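Take a look at the structure below.
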Amino acid sequence: MAKDIDVKLLREMLFSSKVGEKRKAIKLIAQNKLHEFNEDIFNFLQNTINENKFWESHVQIIDYLGYIKFKPLISILESICNSNEPHSMVTMVSSRALCRIKRTNDNDVSEVMKLLSYGNFSVINGALKSLGQDKIIPSKNEIKIIIENVNKIEAKQEKGYADIRVGLALACAGWEKTSLVMGFLNNCIESNYSPLQKVASNSIKGKYTNID
């Protein structure tokens, strides 16, 4: 825990009637991974999930609780992913968190495969980011299926949004550089999206890139 955080004051802020204080408290809790507030922020999420004014706080809560694999969160995440909003930050982090929580081992991609089977842009984006940011190494057959499914997506980059392939290109840093993987990475380098080009170039060298 950060030494300069007053837990008592933070709790007062979290339960304040002022929206700004609630938001600030949640941000501090998530950033500093203050586990004693897990149930409190989970309950807040449950009670406010349909209130758009708190969407940034929802993103912070879901991202943090997903990172620590807080299992009570699963039903909320599944509901959000099933709603399948095409362009939603809450949906993206929910997809990523769901993959993290339901993963049974370091290389389990079963939830990723499930989300790829029906997801729109945000669901797929989150699932692929979980692959790359968590440095997951699936089987060769699973890699083949994932790359082939992503290659079939027509709108890989939509106006105003990142290229959906960034997470997958990042994951390739730790994968065997087969002709399929190299072909995918080279296609990414030929894109017009410079962040994707950078990630793919580093991945060819076996280097993971930091992404949001």
Side-chain angles (χ1 to χ4, degrees), residues 59 62-71 73-74 77-78 80-82 84 86-153 155-158 161-189 191 193 195-212:
V59 166
I62 291 168
D63 208 30
Y64 160 56
L65 293 181
Y67 181 79
I68 65 168
K69 299 188 175 183
F70 188 77
K71 291 188 177 180
L73 188 63
I74 289 177
L77 300 180
E78 289 179 332
I80 292 171
C81 289
N82 287 336
N84 214 4
H87 302 119
S88 159
M89 182 63 73
V90 172
T91 301
M92 189 282 285
V93 296
S94 294
S95 175
R96 179 169 60 191
L98 189 59
C99 291
R100 287 173 169 166
I101 296 174
K102 297 189 78 173
R103 189 179 295 140
T104 58
N105 59 64
D106 290 343
N107 298 317
D108 178 18
V109 293
S110 56
E111 192 63 25
V112 173
M113 304 280 259
K114 178 181 177 181
L115 294 172
L116 286 178
S117 72
Y118 73 82
N120 285 325
F121 191 91
S122 293
V123 167
I124 294 175
N125 195 22
L128 294 179
K129 282 188 173 182
S130 79
L131 277 180
Q133 292 176 314
D134 298 343
K135 300 180 180 179
I136 305 302
I137 303 178
S139 69
K140 288 183 178 180
N141 185 57
E142 288 168 333
I143 288 173
K144 180 176 182 291
I145 293 171
I146 292 169
I147 290 179
E148 287 179 347
N149 280 326
V150 172
N151 283 340
K152 291 176 184 176
I153 298 171
K156 294 179 177 65
Q157 183 183 8
E158 300 183 17
Y161 298 91
D163 193 300
I164 207 168
R165 294 172 291 179
V166 170
L168 180 53
L170 177 61
C172 290
W175 295 357
E176 180 183 349
K177 302 304 184 290
T178 62
S179 59
L180 177 66
V181 171
M182 286 301 297
F184 170 75
L185 290 173
N186 284 325
N187 284 336
C188 291
I189 289 174
S191 76
Y193 187 59
L196 176 61
Q197 293 172 337
K198 178 182 177 181
V199 171
S201 180
N202 283 337
S203 288
I204 287 176
K205 303 170 188 174
K207 179 182 177 181
Y208 285 95
T209 310
N210 290 326
I211 65 170
D212 296 327

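No hydrogens, no waters, no symmetry mates; every other heavy atom, side chains included, goes into these values. Computed from a predicted model, the values in this text were never measured in an experiment. Heads up: numbering here begins at 1 and tracks the sequence.
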Value rounded to 0.5 Å, distance of [atom1] in [X] from [atom2] in [Y]:
{"X": "Lys69", "Y": "Lys102", "atom1": "NZ", "atom2": "NZ", "value": "13.0 Å"}
{"X": "Leu116", "Y": "Leu131", "atom1": "CG", "atom2": "CG", "value": "7.5 Å"}
{"X": "Asn120", "Y": "Ser95", "atom1": "CG", "atom2": "OG", "value": "11.0 Å"}
{"X": "Lys71", "Y": "Leu77", "atom1": "NZ", "atom2": "CG", "value": "13.5 Å"}
{"X": "Asn82", "Y": "Leu98", "atom1": "CG", "atom2": "CG", "value": "9.0 Å"}
{"X": "Asn149", "Y": "Lys144", "atom1": "CG", "atom2": "NZ", "value": "10.0 Å"}

Open item on the list: Do Asn107 and Glu142 make a side-chain contact, defined as non-hydrogen atoms from C-beta onward lying under 4.5 Å apart?
Closed with: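 A side-chain contact under 4.5 Å is absent here.
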
Task: Flag side-chain contact, heavy atom, 4.5 Å: Ser130 against Glu111 - done: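 In short, these two side chains do not touch, never coming nearer than 4.5 Å.
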
Taking all non-hydrogen atoms of both residues, which atom of [X] and which atom of [Y] are closest, and how far apart?
{"X": "Ile137", "Y": "Gly174", "answer": "CD1-O, 3.5 Å"}
{"X": "Asn125", "Y": "Met92", "answer": "ND2-CG, 3.8 Å"}
{"X": "Thr209", "Y": "Val199", "answer": "OG1-CA, 3.7 Å"}
{"X": "Gln133", "Y": "Ile211", "answer": "NE2-O, 3.0 Å"}
{"X": "Ser94", "Y": "Ile80", "answer": "OG-CD1, 3.4 Å"}
{"X": "Gly119", "Y": "Ile124", "answer": "O-CD1, 3.1 Å"}

- [ ] Report yes or no: do Ser139 and Asn141 form a side-chain donor-acceptor pair below 3.5 Å?
- [x]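 Side-chain D/A pair, Ser139 to Asn141: absent.
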
Looking at [Y], is its backbone amide N or carbonyl O close enough to the side chain of [X] to form a donor-acceptor pair, meaning the two atoms are under 3.5 Å apart?
{"X": "Ser191", "Y": "Cys188", "result": "yes"}
{"X": "Ser203", "Y": "Ala169", "result": "yes"}
{"X": "Asn105", "Y": "Asp108", "result": "yes"}

Tell me whether [X] at atom [atom1] has more than 12 heavy atoms from other residues, nucleotides or ligands lying less than 6.0 Å away.
{"X": "Met113", "atom1": "CE", "result": "yes"}
{"X": "Tyr208", "atom1": "OH", "result": "yes"}
{"X": "Lys207", "atom1": "NZ", "result": "no"}
{"X": "Lys177", "atom1": "NZ", "result": "yes"}

Open item on the list: Working note: Tyr193 + Val166, criterion side chain to side chain contact (heavy atoms under 4.5 Å, CB included); need CA distance, chi angles, decisive distance, verdict.
Closed with: CA-CA 10 Å; Tyr193 187 59; Val166 170; 4.0 Å; yes

- [ ] Please lay out, stage by stage, how Ile146 and Leu128 fare under the test side chain to side chain contact (heavy atoms under 4.5 Å, CB included).
- [x] CA-CA 9 Å; Ile146 292 169; Leu128 294 179; 4.3 Å; yes

Task: Candidate pair Arg96 and Asp63, rule salt bridge (Lys or Arg N to Asp or Glu O under 4.0 Å), full reasoning - done: CA-CA 8 Å; Arg96 179 169 60 191; Asp63 208 30; 2.9 Å; yes

Open item on the list: Less than 4.0 angstrom from a charged side-chain N to a carboxylate O is my criterion; do Lys129 and Asp212 meet it?
Closed with: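 The answer is no: the pair does not qualify as a salt bridge.
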
Task: Contact list for residues 167-187, test ring pair (Phe, Tyr, Trp, His ring centres under 6.0 Å), sequence neighbours left out - done: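 For residues 167-187, and leaving out neighbouring residues, there are no ring pair (Phe, Tyr, Trp, His ring centres under 6.0 Å) pairs at all.
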
- [ ] List the steps and the verdict of side chain to side chain contact (heavy atoms under 4.5 Å, CB included) for Thr91 and Val123.
- [x] CA-CA 6 Å; Thr91 301; Val123 167; 3.6 Å; yes

- [ ] Evaluate the criterion side chain to side chain contact (heavy atoms under 4.5 Å, CB included) for residue pair Met182 and Ile204; output intermediate values, then yes/no.
- [x] CA-CA 7 Å; Met182 286 301 297; Ile204 287 176; 4.1 Å; yes

Open item on the list: For Phe121 and His87, take the angle between the two ring planes, folded into 0 to 90°, and tell me which bin it lands in: parallel under 30, tilted 30 to 60, perpendicular over 60.
Closed with: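 Tilted.
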
